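Worth knowing before you read on, the calculation uses all heavy atoms, side chains too, and leaves out hydrogens, waters and symmetry mates. Just so it is clear, the model here is predicted, and its values are computed rather than measured. Numbers restart at 1 for each chain; the letters A, B, ... are given by sequence-line order, proteins then strands.
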2 protein chains.
Amino acid sequence: MVTIGTASYTGTAARILDVAEVLVQTRGFNGFSYADIAAEMNITKAALHYHFAGKAELGEALISRYAARFADALAAVDSAGAQPAAKLEAYAHLYLDVLREQRMCLCGMLAAEYQTLPEPMRAAVLRFFDANETWLQEVLEHGRAAGALHFGGSARDTARMIIGSLEGAMLVARPYGDTARFEAATRNILAALATAEGPGGARAQPASG
Amino acid sequence: MVTIGTASYTGTAARILDVAEVLVQTRGFNGFSYADIAAEMNITKAALHYHFAGKAELGEALISRYAARFADALAAVDSAGAQPAAKLEAYAHLYLDVLREQRMCLCGMLAAEYQTLPEPMRAAVLRFFDANETWLQEVLEHGRAAGALHFGGSARDTARMIIGSLEGAMLVARPYGDTARFEAATRNILAALATAEGPGGARAQPASG
DNA sequence: GTCTATAGGCAGATAGAC
DNA sequence: GTCTATCTGCCTATAGAC
């Protein structure tokens, strides 16, 4: 179980986060302004500053809430007690739900803009990926021990591969407005883990010298 | 052979593109300004407008030149006459070279910002991915016919999976400043294609209902 | 081709009234 | 909590001299 944050917002603050979240996921952190949020909510920019001192603080709150929600979703998958392969499918489905709303993963988007982010946001983005990696690693290790999943390399590297592949599949599928691209890629990746000869087997060769 | 564009720039225009390219690949299209380019080059913003009417035109030129360079690199891989698996590794190495300079793929970055881009830039980004897909598809089909590559689904879907996985591996590896993350993911992906039981085999299950 | 100067607008942010 | 009003600074872009 991974607890990333305990941030809880209600009322106006929560509504601000809702609006800002969509803006970041569709336009990027550098692609929207306080004026965009204010216009959408029919309040003034000054009111926003009452709830979140600056854009940096708003960004931190966004990641914190998003990560907490994601952690809750993963905990729910664990509680459902499904098979390892089904857990991986449930994991991929979390991404698909985001893509269906024509959004990018919040932290995938912020990963692209990483170099322009204030330090606290950077750290929070990495924590999000770390938490995902930890959860996947556990699923992969248990799955391999139970003979349900098959992969050659370390569970850690395989977890990282899954995260990257899903983030990238979203990244490319969204401009095409085509969720089928994401779903096909997901099938390819997960199917290889559920078959006898998974990725990173003995015959694996380095991709570069 | 895919010819994307024939754009050719020399002198100041080429230097502007060089500087702007790094800025887009590291900070995003919405994360830099004409002032940044001007400062780096020790010229004025007004001089930039002489070469590229506006940021949108500069963006189009950037993608056009990047895509042409990428197409040239793929043609060079073809000319080398390597085995299918080696071609895929060479393809992945193109991405690695970009990541080693701590840059994101230009079009991967622009894919994240897609919704904020002017239409001509959007179209150019999709053309880039389409060209990549076409090239990979050909390598995959020839590789399968020759018994060198193994995958269950269509070559098109597998090509798309590769593009997404490499873009995503870059996206996540860059914030960590860790090229090993990218290389491990690449090994996982490509190894599965070079082994008997590749991804998307008969046992493949849909990732979602 | 590059400059100075400047326009016009929007960014994030603050002060102080209500 | 939300407002009006305002500040400062940066943005893209243009005009016109050299």
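The side chain of B/Lys45 lies closest to D/dA13, out of C/dC3, D/dA13, C/dG12. Comparing C/dA15, C/dA13, D/dT12 against the side chain of A/Ala46 picks out C/dA15 as the nearest. Comparing atom distances between the A/Ala47 side chain and each of D/dC3, C/dA5, D/dT12 picks out D/dC3 as nearest.
Rounded to whole angstrom, the span from the CD1 atom of A/Ile43 across to the P atom of D/dT4 amounts to 12 Å. The distance from atom CG of B/Asp36 to atom P of D/dT12 is 8 Å, rounded to the nearest whole Å. Taking atom CG of B/Asn30 as the reference point, atom P of C/dC10 lies 16 Å away to the nearest angstrom. In this structure, A/His49 atom NE2 and D/dA5 atom P are separated by 17 Å, rounded to whole Å. As a whole-Å value, the separation of B/Leu48 CG from D/dC10 P is 17 Å. Protein atom CD1 of A/Ile37 is 14 Å distant from nucleotide atom P of D/dT2, rounded to whole Å. Rounded to an integer number of Å, the gap from B/Glu57 CD to D/dA13 P is 7 Å. As rounded to whole Å, 16 Å separates atom P of D/dC10 from atom NZ of A/Lys55.
A salt bridge (charged side-chain N to carboxylate O under 4.0 Å, His left out) with A/Glu21 is found for exactly one of A/Arg15, A/Arg69, A/Arg27, namely A/Arg69.
Between B/Asn42 and A/Ala56, the residue whose closest nucleotide on DNA chain C is further toward the 5' end is B/Asn42.
Close to C/dT2, at under 4.0 Å from its OP1 or OP2, lies a side-chain N or O of B/Thr12. For D/dT4, the OP1/OP2 oxygens have no side-chain nitrogen or oxygen of A/Thr44 closer than 4.0 Å. At least one side-chain nitrogen or oxygen of A/Ser33 sits closer than 4.0 Å to the OP1 or OP2 atom of C/dA11. Here A/His51 reaches the OP1 or OP2 of D/dT2: one of its side-chain N or O atoms lies under 4.0 Å away. A close approach under 4.0 Å does occur between a side-chain nitrogen or oxygen of A/Tyr50 and OP1 or OP2 of D/dG1.
In this structure, B/Arg160 contributes its side chain and B/Glu133 its backbone to no donor-acceptor pair below 3.5 Å. Formation of a donor-acceptor pair under 3.5 Å by the B/Glu60 side chain with backbone atoms of B/Pro120 is not found in this model.
A side-chain donor from one of B/Asp130 and A/Tyr176 sits under 3.5 Å from a side-chain acceptor of the other.
A/Leu140 is listed as a side-chain neighbour of A/Leu88, based on a closest heavy-atom distance under 4.5 Å.
Residue B/Phe32 is in sugar-phosphate contact alone, with no base atom involved, counting any heavy-atom pair closer than 4.0 Å across all strands shown.
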